[in-house]
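The first residue in the sequence is number 1, and the count goes up from there.
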Amino acid sequence: MSENAKKQVRVYHGVTKSIFDTEISAKREPAILRGLDIGSACSKWSPEYLAQCGGEKTVKIHVCPTGRMDFIHKNFVYKTLPFNQFVERASEDVHGEYFICPEEKYYLRSIGDDPRKDISDIAVQFPKLAQDIKIPKLYPEDRFFSSVFRISSSNGQLWTHYDIMDNLLIQVIGRKRVVLYSPREATKLYLNGDKSEVLDIDNPDLSRFPKFTEVVPYECFMEPGDVLFIPAMWFHNVISLEFGVAVNVFWRHLDPCYYDSKDTYGNKDLVPASRAMQIMDRAIKALEELPEEYRDFYARRIVCKVKEKCYRHDRNSSYTGCSINGE
């Protein structure tokens, strides 16, 4: 990945809802919103304060021997701890008590009390702490989906993935580096579901991921109090440069009918997209019944039809016709 290819995420100051709607959300690009009033959390949320207010509520956490977590190959384990003990461990570099090793890293992505039925909502799961944070109301309140409490050890890194809803990442404690990729880079990110198989985004294995050199990353460094707007389907890789605490707010950008009503995590693909993927799986299975030469021919015809009917053909598009792998 060339340093010269990087784009810096644009920073906005003094954003109102009107400005957000017309100048930021409408562009469908990530943006740092600086100087918003997010309440007293930045000055209050020390590890000691968090532990005191969160108490002994049991939380499910990711525990990884290294900072770079890999969801595809599961290089971490799920464990439970009382919240106050988790915060104490997450805020230290070397642990006296541990699950795997003294330098293990921790990550909390809050969930509902019953993950099968309840969404994550900091006001419900952590009501005392929720009083300290003021969530910017830049989205229609009737489209609110969830508010996710996130806490990470220093140097913890979350895999590259996309979300199907627009969201605000509110950084409260610690600094983060966030690298984002446009949805139009999807064919170069070596996807496995909603996640990229390229784990080391700064030094990728180009023998396995040669197209990754063509990707143009967007980068930003978040300070406490910053809010990052991440539009739906934008891939993002998040690195906590220090012990970090954030609140992630998701809302339905599209009409609610597009979303799976049973999706409590908010990470299932849109209903029509899921249906299309199922149809495509059946199409691939049918093509596999053909001899190789015929399978190749009809696969190319299908790719052409998808590109002609579904790709956006504006001046910024990378669409170049019906070629496959440059052929």
Side-chain angles (χ1 to χ4, degrees), residues 9 12 15-33 36 38 71 108-127 130 133-150 158-172 178 180-186 191 193-195 218 226-238 246-279 310 312:
V9 174
Y12 292 80
V15 173
T16 63
K17 187 176 186 309
S18 175
I19 292 174
F20 180 77
D21 289 341
T22 58
E23 298 183 24
I24 300 173
S25 177
K27 288 184 177 179
R28 310 308 297 158
E29 290 190 357
I32 287 283
L33 316 180
L36 295 178
I38 66 165
F71 192 89
L108 167 70
R109 187 266 190 220
S110 64
I111 57 178
D113 293 328
D114 182 346
R116 295 171 298 176
K117 299 178 181 178
D118 303 328
I119 64 167
S120 178
D121 187 343
I122 189 173
V124 174
Q125 285 93 43
F126 299 91
I133 189 157
K134 184 177 179 180
I135 295 173
K137 294 300 191 291
L138 299 176
Y139 54 89
E141 293 192 46
D142 62 342
R143 296 291 181 93
F144 169 84
F145 178 75
S146 65
S147 53
V148 179
F149 201 22
R150 299 186 188 272
L158 200 61
W159 52 87
T160 303
H161 67 284
Y162 70 87
D163 297 302
I164 61 163
M165 297 184 193
D166 284 5
N167 69 91
L168 297 176
L169 177 60
I170 306 168
Q171 188 64 19
V172 181
V178 185
L180 306 103
Y181 307 98
S182 166
R184 296 191 183 188
E185 306 280 23
L191 298 183
D194 62 345
K195 303 162 187 69
Y218 288 66
D226 283 352
V227 177
L228 174 62
F229 169 57
I230 307 177
M233 299 183 297
W234 272 77
F235 298 88
H236 45 287
N237 185 292
V238 182
V247 177
N248 214 179
V249 182
F250 292 85
W251 68 93
R252 298 179 178 93
H253 171 64
L254 303 176
D255 189 282
C257 70
Y258 285 101
Y259 303 92
D260 188 328
S261 61
K262 297 181 180 179
D263 181 14
T264 58
Y265 280 85
N267 60 3
K268 290 185 179 180
D269 283 313
L270 300 176
V271 173
S274 294
R275 192 164 62 245
M277 294 297 284
Q278 291 168 3
I279 293 170
C310 300
R312 294 172 61 181

Could you walk me through whether Asp260 and Lys262 pass the salt bridge (charged side-chain N to carboxylate O under 4.0 Å, His left out) check? CA-CA 5 Å; Asp260 188 328; Lys262 297 181 180 179; over 6 Å; no

So do Asp166 and Arg28 actually touch side chain to side chain, heavy atoms under 4.5 Å? yes

Which heavy-atom pair separates Ile24 from Ala31 by the least distance, and what is that distance? CG2-CB, 3.7 Å

For the side chain of Asn248 and the backbone of Leu168, is there at least one donor-acceptor N/O pair under 3.5 Å apart? yes

Should we count NZ of Lys134 as having more than 12 external heavy atoms under 6.0 Å? no

Distance col, row Trp251:CH2 vs Ser146:OG, nearest 0.5 angstrom, shows 11.0 Å

Any donor-acceptor N or O pair under 3.5 Å, side chains His236, Asp163: yes

So which atom in Asn267 and which in Asp263 form the shortest heavy-atom distance, rounded to 0.1 Å? N-OD2, 3.0 Å

Validation: residues 138-145 side-chain donor-acceptor distances under 3.5 Å, sequence neighbours left out:
residue: Arg143; atom: NH1; partner: Arg252; partner atom: O; Å: 3.2
residue: Arg143; atom: NH1; partner: His253; partner atom: O; Å: 3.4
residue: Arg143; atom: NH1; partner: Leu254; partner atom: O; Å: 3.0

Which pair of heavy atoms, one from Phe229 and one from Ser25, lies closest together, and at what distance? CE2-CA, 3.9 Å

Rounded at 0.5 Å granularity, tell me how far CG in Leu169 sits from CD1 in Ile32. 8.0 Å

Side chain to side chain contact (heavy atoms under 4.5 Å, CB included) between Phe20 and Leu33, intermediate numbers included: CA-CA 9 Å; Phe20 180 77; Leu33 316 180; 4.2 Å; yes

Could you please spell out the steps behind the side chain to side chain contact (heavy atoms under 4.5 Å, CB included) verdict for Val178 and Leu228? CA-CA 9 Å; Val178 185; Leu228 174 62; 3.8 Å; yes

What is the distance from atom OH of Tyr162 to atom CD1 of Ile230, rounded to the nearest 0.5 Å? 15.0 Å

Hey, does Ser147 have a side-chain heavy atom less than 4.5 Å from the side chain of Ile122? yes

Under the ring pair (Phe, Tyr, Trp, His ring centres under 6.0 Å) criterion, do Phe126 and Phe149 qualify, and how do the steps go? CA-CA 9 Å; Phe126 299 91; Phe149 201 22; 5.0 Å; yes

Over all atoms of both residues, closest heavy-atom pair of Tyr259 and Met165: CE2-CG, 3.9 Å

Has the side chain of Ser182 got a donor or acceptor atom that lies under 3.5 Å from a matching backbone atom of Arg184? yes

Going by atom types alone, do Ser110 and Ser120 pair a side-chain donor with an acceptor below 3.5 Å? yes

Given Trp234 and Glu29, is the side chain to side chain contact (heavy atoms under 4.5 Å, CB included) satisfied, shown in steps? CA-CA 8 Å; Trp234 272 77; Glu29 290 190 357; 4.1 Å; yes

Under the 3.5 angstrom rule, does the side chain of Asp226 hit a backbone N or O of Gln171 as a donor-acceptor pair? no

How far does CG of Asp114 sit from CD1 of Ile119, to the nearest 0.5 angstrom? 13.0 Å

Between the CG atom in Asp194 and the OG1 atom in Thr160, the distance rounded to the nearest 0.5 Å is 11.0 Å

Could you check whether any side-chain heavy atom of Ile164 comes within less than 4.5 Å of a side-chain heavy atom of Met233, counting everything from C-beta outward? no

Distance-only, no hydrogens or angles: does the Thr264 side chain make a donor-acceptor pair with backbone N or O of Pro115 under 3.5 Å? yes

Note, Val172 side chain near Ile133 side chain (heavy atom, < 4.5 Å): yes

In terms of heavy-atom contacts, Pro136 and Val227 come closest through CG-CG2, 4.5 Å

I'd like to know if the side chain of Glu23 reaches the main chain of Ile19, judged simply by a donor and an acceptor atom lying under 3.5 Å from each other, with no hydrogens or angles considered. no

Between Ala130 and Ala123, the two heavy atoms sitting closest are CB-CA, 3.7 Å

Check the pair Val9 / Leu180 against side chain to side chain contact (heavy atoms under 4.5 Å, CB included), numbers first and verdict last. CA-CA 9 Å; Val9 174; Leu180 306 103; 3.8 Å; yes

Salt-bridge criterion met for Arg275 and Asp269 (N-O under 4.0 Å): no

